[in-house]
Amino acid sequence: MKLMENLKVQLEERSYDIIIAAGVLKKVNEVLADFAAARRCLIVTDSNVQPLYESTLKLGLAEIGAETADYVYPAGEEHKTPETVVDICRKGVRSGLDRKSLIVALGGGVCGDMAGFAAAMYMRGIGFIQIPTTLLSMVDSSVGGKTGTDLPEGKNLIGAFWQPQIVVIDPETLKTLPAEEVCCGLAEVVKYGMILDEEFFSLLEKNIDKLKSLDMGFYTKIIRRCCELKAEVVSKDEREGGLRAILNYGHTFGHALELLSNFEVAHGKAVSMGMAIAAELAADTGRISKELAERQNALLKKLDLPVKAPAGFDAEEVYNAMMQDKKTLGKIIRVVLPDAIGKVSIVKGLEKDIVTKAIRKCCE
Ligand code: NAD
Ligand code: GLY
């Protein structure tokens, strides 16, 4: 079995590998030996993932002499709270975790964000490992070190940059992921093509069948490319001083739609609609042709992702919600707009009228 399809996130002394291989979870003893052998590990996972994959992980860790305890929270974004993060830390204390111990996140983005944040705080910072099991977490949240939790006042409002020691991705785990979650993850995959890689975008266009049938070879390849692209961006701008903001393509509009729908519109679908609005705005402001916007939207539609918001959204309200986003610095609107497939710019200070016009067109 070929285990190593390593990529590296280059961050000097905080550099780490991303291992991507179908079936790697069953070989976790081999890939984690350098990190977890004879250490105490707290596995953090949720109520859906625990019965599916935790025993395999525990077995692998036991083989290298790691002692494990676990913290299982009820699945769902509503449990991404400071209380859960504190509970993870308290379980760590009760399980005897010391400064050499590890927290291992086994699950989606909710799990990785909270486990990573707990690791950043526990005894002022201990090591952590990401084992993402959703498409979104494989291609986005497990790489790059953004950790945190929601507050009642909004999403991801507290957190820390805390890089994992290694990311282990087993695309086989996608086989149990609900189809709707795979679909949402594909919005992020399309995002990478739009922001950085036209060739990758074309590859997606030509392989709709493989994307829809969850072809493992193809998924391994595309996850790898997304991680490679994200790793390059993070290596250049770890703390989002500039470039890293391009990863938010579609997200500023998307977050506003998510918020206004009271989170009934799923994140991936909101990002898809957000990318459609961004492309519309780019066409309206002469950055791209209508045909190019249509090319993006055609791919999204083929993947069953929406390019129009459901009825009932008001463009002014979406605009106002965008202005509340923590990323709308100093109240100057800042959006990521395409210049071509595979190239985007961060555009600041657009007039409200032009932005709301583009939103309105996608809210009909
Ligand atoms: P999630 O962790 O809630 O997982 C989605 C659902 O899939 C859950 O019900 C979970 O139990 C289930 N699940 C996970 N893996 C499974 C599997 N293999 N088989 C069956 N069921 C499985 O959510 P998500 O969509 O992975 O992540 C969303 C979160 O990620 C948000 O909180 C968002 O803020 C965060 N995020 C963080 C970053 C970052 O850079 N840190 C980036 C993007 C998103
Ligand atoms: N998901 C955006 C980032 O990691 O910066």
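Just so it is clear, the values below take in all heavy atoms, side chains as well, and ignore hydrogens, waters and symmetry mates. Both counts, for ligands and for their atoms, begin at 1 and track the order of listing. By convention here, the first residue in the shown sequence is residue 1. On a predicted model such as this, the values are computed, not experimentally measured, just so you know.
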Any donor-acceptor pair under 3.5 Å linking the side-chain atoms of Glu238 with those of Gln163?
yes
Let me know which of Val167, Ile166, Ile103 forms a side-chain contact (heavy atoms from CB on, under 4.5 Å) with Gln130.
Val167
Strictly by modelled atom types, are Thr173 and Asp170 linked by a side-chain donor-acceptor pair under 3.5 Å?
no
Can you check whether His267 has an N/O within less than 3.5 Å of an N/O in ligand 1?
no
With the side chain counted from C-beta on, respond yes when Thr149 and Asn156 share a heavy-atom pair under 4.5 Å apart, and no when they do not.
no
Which atoms of ligand 2 sit under 4.0 Å from any heavy atom of Leu247?
2 (C), 3 (C), 5 (O)
Just which atoms of ligand 1 are under 4.0 Å from any heavy atom in Ala75?
9 (O), 11 (O)
Compute the minimum heavy-atom distance from Lys230 to ligand 2 and say whether it is under 4.0 Å.
yes
Specify the protein heavy atom at minimum distance from atom 43 (C) of ligand 1: its residue, its atom name, and the distance to 0.1 Å.
Asp140 OD2, 3.5 Å
Return the closest protein heavy atom for atom 10 (C) of ligand 1 as residue, atom name and distance.
Asp46 OD2, 3.2 Å
I'd like to check the side chain to side chain donor-acceptor pair (under 3.5 Å) partners of Asn320; sequence neighbours left out, ordered by chain and number.
none
Would you mind running through ligand 1 and noting each atom that sits below 4.0 Å from a heavy atom of Leu52?
19 (N), 20 (C)
More than 12 non-hydrogen atoms from neighbouring residues, nucleotides or ligands closer than 6.0 Å to NZ on Lys100, yes or no?
no
Which of Asp113, Thr147, Thr134, Val110 passes side-chain contact (heavy atoms from CB on, under 4.5 Å) with Ser141? Answer is Asp113
Glu12: partners by side-chain contact (heavy atoms from CB on, under 4.5 Å), with sequence neighbours left out:
none
Please report whether ligand 1 has a polar contact with Tyr73, defined as an N or O pair separated by less than 3.5 Å (distance criterion only).
no
Using a heavy-atom cut-off of under 4.0 Å, does the side chain or the backbone of Leu174 touch ligand 1, or both, or neither?
neither
Between Asn248 and Glu240, is there a side-chain donor-acceptor contact under 3.5 Å, judged purely by atom types and distance?
yes
Counting both backbone and side chain atoms, is some N or O of Lys191 under 3.5 Å from an N or O of ligand 2?
no
Do ligand 1 and Glu77 have nitrogen or oxygen atoms that lie under 3.5 Å from each other?
yes
Tell me yes or no: between the side chains of Thr176 and Tyr53, is some donor less than 3.5 Å from an acceptor?
yes
Starting from atom 37 (C) of ligand 1, locate the nearest protein heavy atom and write down its residue, its atom name and how far away it is, to 0.1 Å.
Asp113 OD2, 3.2 Å
How far is atom 42 (C) of ligand 1 from its nearest protein heavy atom, and which residue and atom is that?
Ser141 CB, 3.5 Å
Step-by-step salt bridge (Lys or Arg N to Asp or Glu O under 4.0 Å) determination, Lys58 to Asp70:
CA-CA 10 Å; Lys58 274 187 166 171; Asp70 66 8; 3.7 Å; yes
Please write down residue, atom name and distance for the protein heavy atom closest to atom 17 (C) of ligand 1.
Thr176 OG1, 3.5 Å
Please indicate whether any nitrogen or oxygen in Lys146 is less than 3.5 Å from any nitrogen or oxygen in ligand 1.
yes
Around atom 3 (O) of ligand 1, find the nearest protein heavy atom and jot down its residue, atom name and distance.
Val110 CG2, 3.3 Å
Ligand-residue contact atoms, ligand 1 with Gly108, heavy atoms, under 4.0 Å
2 (O), 26 (O)
At less than 4.0 angstrom from any non-hydrogen atom of Asn156, what atoms of ligand 1 do you find?
34 (O)
Under a 4.0 Å heavy-atom limit, does Val234 contact ligand 2 with its side chain, its backbone, both, or neither?
neither
Contact atoms of ligand 1, heavy-atom distance to Lys80 under 4.0 Å
31 (C), 32 (O), 33 (C), 34 (O), 35 (C)
What I want to know is whether Thr133 and ligand 1 share at least one N or O pair that is separated by under 3.5 angstrom.
yes
Do Leu61 and Leu57 make a side-chain contact, defined as non-hydrogen atoms from C-beta onward lying under 4.5 Å apart?
yes
Identify, by atom number and element, the atoms of ligand 1 in contact range of Tyr53, meaning under 4.0 Å from any of its heavy atoms.
18 (N)
Considering both backbone and side-chain atoms of Asn48, is one of its nitrogen or oxygen atoms within less than 3.5 Å of a nitrogen or oxygen in ligand 1?
yes
Specify the protein heavy atom at minimum distance from atom 28 (C) of ligand 1: its residue, its atom name, and the distance to 0.1 Å.
Leu136 CD2, 4.0 Å
Under 3.5 Å between any N/O of Arg244 and any N/O of ligand 2: does that happen in this structure?
yes
Examine Gly109 against ligand 1 and note whether any of their N/O atoms are separated by less than 3.5 Å.
yes
Quick one about Tyr192 and Asp197 (side-chain donor to acceptor, distance below 3.5 Å, no hydrogens or angles considered), yes or no?
no
Measure the distance from atom 16 (C) of ligand 1 to every protein heavy atom, then report the residue, atom name and distance (to 0.1 Å) of the closest one.
Leu177 CD1, 3.5 Å
Give the atom numbers and elements of ligand 1 that come within less than 4.0 Å of a heavy atom of Glu181.
5 (C), 6 (C)
Give the cluster check for Ile208 versus Ile223: same hydrophobic cluster or not, with ILVMFWY residues linked at side-chain heavy-atom distances below 4.5 Å.
yes
Side-chain heavy atoms of Arg14 within contact of Val9, under 4.5 Å
no
Taking atom types as modelled, find out whether His267 and Glu188 have a side-chain donor-acceptor pair closer than 3.5 angstrom.
yes
